[in-house]
Number of protein chains: 2
Amino acid sequence: MTALKYSRQRESIKNFLMHTSSHPTADMVYLHVKETFPNISLGTVYRNLNLLADMGEIIKITTPDGADRFDGRTTPHYHFFCNECGCMMDLDMAPLSQINEVAGQNFEGEIDSHTVTFYGKCVSCLHHDTKATAV
Amino acid sequence: MTALKYSRQRESIKNFLMHTSSHPTADMVYLHVKETFPNISLGTVYRNLNLLADMGEIIKITTPDGADRFDGRTTPHYHFFCNECGCMMDLDMAPLSQINEVAGQNFEGEIDSHTVTFYGKCVSCLHHDTKATAV
DNA sequence: TCAATAATAATAATAATTACTATATTTAGA
DNA sequence: TCTAAATATAGTAATTATTATTATTATTGA
């Protein structure tokens, strides 16, 4: 109900997320936007991130390392999470379009969406390893 | 390196997880085990849950509602999370066995595992809805 | 039985996020 | 353009989930 009012801070937050693929945490967004708005508060960042996520303009990603991350790319895609450095990146692979129906076959509830997250070691962690990893 | 020593508390925690499919949070585990060990501490529950997860005897599940959940079922399977009541349940569907390779095709890192989580509304939330949902 | 070691309970500390409130910004209308 | 209503903000306090600390207790191998 409550009408949304423009704010430069929100625009800056959204703009940052549209132009990065780093899947930043709220704190990383805060540090970035702080460069333009030196006295923006962390609460403002959180409130706007949640607002934008609720409106579907960005996506909130739950990760195993505590802080949630945010993604300005809203078209369906999947993520990789590095167990070593905690970085998160997009994967270049086709969406599993039938999977919601497959999952719904032996399930009585209603399935609207899904997330897929892959885990392992990112390229740069592979290369920075001191020990050679035997296969 | 450090040798593991038996503890009745840890056994009780593991036993609970082996016999429930409720995907409890640390706090729910605490409340349950408290019935048998009235002065067990929450820290003990957390420490043992992490220990068991590290040993691969249970699984830690990241959820969008803050608290992590724990699962005594360690064979590959997928989860459903109800956006309305926050309950989590197992889905009866075949594991996507090829998906790690598919994801790895255009990816330079190393992919070890994946999780799939479905979102929507569970049966009991569907039924308890006051409004009829038009399709 | 005993000594070494790991586990515990109780508590304090930390990290991520949300809530509160007085002030500032936005915006629709006169 | 000016004004008033409504929303947004900064700054701060509070909450929640989790980890760290430490003195005491339980386990275990000799």
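All values below come from the heavy atoms of this structure, side chains included, with hydrogens, waters and symmetry mates left out. Throughout, protein chains are lettered first and strands after them, A, B, ... in sequence-line order, and every chain is numbered starting at 1.
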Item to check | Within residues 32-57 of chain B or reaching into it, pairs that qualify as ring-ring contact (aromatic ring centres under 6.0 Å, His included) - sequence neighbours excluded | outcome: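 ring-ring contact (aromatic ring centres under 6.0 Å, His included) check on residues 32-57 of chain B returns B:Phe16-B:His32.
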
Next on the checklist: Using a strict heavy-atom distance below 4.0 Å, which residues from residues 42-63 of chain A are in contact with DNA chain C?
Outcome noted: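 The stretch gives A:Leu42, A:Tyr46, A:Asn50 as the residues lying under 4.0 Å from the strand, ordered by number.
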
Next on the checklist: Could you work out, with side chain to side chain donor-acceptor pair (under 3.5 Å) as the rule, every residue matching A:Arg69, not counting sequence neighbours?
Outcome noted: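 With neighbours one apart ignored, the set is empty.
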
Checklist entry - Which residues satisfy the side chain to side chain donor-acceptor pair (under 3.5 Å) test with A:Lys34, sequence neighbours excluded? => result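 By the side chain to side chain donor-acceptor pair (under 3.5 Å) rule, A:Lys34 matches A:Tyr30.
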
Checklist entry - Looking at DNA chain D, which of residues 7-36 of chain B put a heavy atom within less than 4.0 Å of it? => result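 Contacts with DNA chain D under 4.0 Å: B:Arg8.
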
What residues, two or more places apart in sequence or in another chain, satisfy side chain to side chain contact (heavy atoms under 4.5 Å, CB included) together with [X]?
X        : value
B:Asn100 : A:Phe118, B:Ile111, B:His114
A:Leu31  : A:Asp27
A:Asn15  : A:His19
A:Asp90  : A:His23, A:Asp71, A:Arg73, A:His77, A:His79

Item to check | Five-pair end axes of the helix from C:dT1-D:dA30 to C:dA30-D:dT1, angle between them (10°) | outcome: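 For the helix from C:dT1-D:dA30 to C:dA30-D:dT1, the axes at either end differ by 30°.
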
Atom pairs under 3.5 Å, N or O on each side, protein against nucleotides 2-6 of chain D: can you list them with distances?
{"from": "D:dA6", "atom 1": "N3", "to": "A:Lys5", "atom 2": "NZ", "distance (Å)": "2.7"}

Next on the checklist: Test question: given the 4.5 Å side-chain rule for I, L, V, M, F, W and Y, name all other residues clustered with B:Met18, or answer none.
Outcome noted: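 Members other than B:Met18 - counting any ILVMFWY side chain reachable under 4.5 Å - there are none.
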
